Amino acid sequence: MKKADFARTNPIPIAVVVAGPTHRTTSELKLRKGAGRHYATQCILAEGSEVYLLRISGLWASVQHQQNFGWLPAQCLERLSVVQAVTPPIVRAPKPAPVIARGFTPRSAASPAEPADDDFIPTHRSTADLNLRKGSGTNYPVLRVLAADVLVRKLDETGTWTKVATGQDTGWVPSAYLEQVNIQRPATGIQSLAPVEFTTTVRLNVRTGVGDQYPVMRILQAGTMVRVNGSLGAWRRIVIDQEQGWVPASQLQPRYLSSTTPVTAVQTTLYQGASANYRALTQINAGEELLAIANRGQWTKVQYGRFNGWVNTSHLR
């Protein structure tokens, strides 16, 4: 018995009356002795069989059908709109009374989606009311109940559980009750750049927007030449075969690095770090030959006389 799923009750056995069925099966199902396909089959329930839901454990539901107790796949149950009375009532010796967690009914009514904050970009939506738990299992405490149709961001996955963020809370829910969404937000703050040739350093996904949550347009092999014409944070906008897409800057290599002695194409500034926010070390005139040491996205570390610093890649040829 998992303490997170049950309320503490008086252990003295007394006869109790079980309410009428709460759900029906959506297909023909095997009623098993445990929560898994490796457990023995007790009987076969026809489609539309009415059952009483006791509790949920992962992807399986503990149910009562007439005088039988067993387990069914939770996603194959549909909630009855009205709880029907049973005549005569079913009487059984009690175990600790289960709390029927509304957070696990697969076909529960949809609730309005929670508003996400401006910096929250969701990747999935809940398809049912779910218990958001502190860890990846029903033995962990419930942090809160997520209503159906709540937008969340996937952070991690372990087995049949997924760690998600709601914008306010972080916790774990069963993966089976999440569906992927594609919410596109217009990118702001894009810096346009003069087209510069780069090559990919690894097999690379080109995405439709800035971030791993956007769909993949195409896949480029390592060593593919592309032209960079824009940047936003750690991402670069590339042009290839008349299409524009986004890739991480860390997976691009300036083509000029085939030569370790690039020449400045225009007058440029040598900075102490790979950004114009760093202290300027000196000015370098056009036509000066430099010694390339390393690169980081749109910046190249060079040696110029007694100085070691960083210059903008677009100013080199």
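Worth saying up front: this structure is predicted, and the values here are computed from it rather than measured.
- Partner Val311 forms a side chain to side chain contact (heavy atoms under 4.5 Å, CB included) with one of Val302, Leu281, Thr264 and no other, that one being Val302.
- Taking each heavy atom of Arg237 and Ser192 in turn, the nearest pair found is NH2-OG, 3.9 Å.
- Tested against Val164 for a side chain to side chain contact (heavy atoms under 4.5 Å, CB included), the candidates Leu155, Leu178, Thr170, Thr123 yield a single pass: Leu178.
- Once rounded to the nearest 0.5 Å, the distance linking CH2 of Trp246 with OG1 of Thr208 reads 11.5 Å.
- Shown here is Arg218, whose CZ atom has more than 12 heavy atoms of other residues, nucleotides or ligands within 6.0 Å.
- In this structure, the separation between OG on Ser62 and CG on Leu53 is 8.0 Å, given to the nearest 0.5 Å.
- Smallest separation of non-hydrogen atoms from Ser136 and Trp161: CB-CB, 3.7 Å.
- Without hydrogens or angle criteria, Gln251 side chain to Ala222 main chain gives no donor-acceptor distance under 3.5 Å.
- Closest of all the heavy-atom pairs between Gln283 and Thr269 is NE2-OG1, 2.7 Å.
- Across every non-hydrogen atom of Asp212 and Trp235, the tightest pair is OD1-CH2, 3.5 Å.
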Check: What's the verdict on side-chain contact (heavy atoms from CB on, under 4.5 Å) for His65 and Leu72, showing C-alpha distance, side-chain angles and the deciding distance?
Finding: CA-CA 11 Å; His65 176 66; Leu72 298 171; over 6 Å; no
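- Residues Arg37 and Arg32 share a closest heavy-atom pair of O-NH1, 3.0 Å.
- Closest heavy-atom contact between Ala46 and Thr25: O-OG1, 2.9 Å.
- A distance-only check finds no donor-acceptor pair linking the side chain of Arg279 to the backbone of Gln272 [under 3.5 Å].
- Counting only distance, with no hydrogens or angles, the side chain of Thr22 and the backbone of Tyr52 share no donor-acceptor pair below 3.5 Å.
- Between Ile219 atom CD1 and Arg203 atom CZ the span is 4.5 Å, to the nearest 0.5 Å.
- Both Ile240 and Leu252 belong to a single network of hydrophobic side chains, linked directly or stepwise wherever heavy atoms of I, L, V, M, F, W or Y lie under 4.5 Å apart.
- Arg306 contributes atom CZ, which lies 11.0 Å from atom OH of Tyr304 (distance to the nearest 0.5 angstrom).
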Item checked: Stepwise side-chain contact (heavy atoms from CB on, under 4.5 Å) check, Ser126 with Val152 -> CA-CA 8 Å; Ser126 59; Val152 299; 5.8 Å; no
Note to self: Under the criterion side-chain contact (heavy atoms from CB on, under 4.5 Å), I'd like the reasoning laid out for Val63 against Leu77: C-alpha separation, chi angles, the key distance, then a yes or no.
What the structure shows: CA-CA 10 Å; Val63 302; Leu77 295 180; 4.1 Å; yes
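- Here the side chains of Ser175 and Leu59 are not in contact, with every heavy-atom distance at 4.5 Å or above.
- Residues Ile284 and Phe307 form no side-chain contact, since every pair of their non-hydrogen atoms from C-beta on lies 4.5 Å or further apart.
- For the side chain to side chain contact (heavy atoms under 4.5 Å, CB included) with Leu220, the qualifying choice from Thr199, Asn205, Ile238 is Ile238, the only one to do so.
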Check: Step by step, would you call Gln180 with Lys154 a side-chain contact (heavy atoms from CB on, under 4.5 Å)?
Finding: CA-CA 9 Å; Gln180 191 168 358; Lys154 179 178 178 180; over 6 Å; no
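- In this structure, Lys134 NZ and Asn131 CG are separated by 15.5 Å, a value rounded to the nearest 0.5 Å.
- At least one side-chain heavy atom of Asn229 sits less than 4.5 Å from a side-chain heavy atom of Gln244.
- Within 6.0 Å of atom OH in Tyr278, 12 or fewer heavy atoms from other residues, nucleotides or ligands are found, so the atom counts as exposed in its surroundings.
- Val51 and Trp60 fall into different hydrophobic clusters, defined by Ile, Leu, Val, Met, Phe, Trp and Tyr side-chain heavy atoms under 4.5 Å apart, directly or through other members.
- The structure places CH2 of Trp172 at 8.5 Å from CD of Glu157, a figure rounded to the nearest 0.5 Å.
- Counting only N and O atoms by type, the side chains of Ser27 and Glu47 include no donor and acceptor under 3.5 Å apart.
- One hydrophobic cluster, built from ILVMFWY side chains closer than 4.5 Å, cannot hold both Leu31 and Trp71; they sit in different ones.
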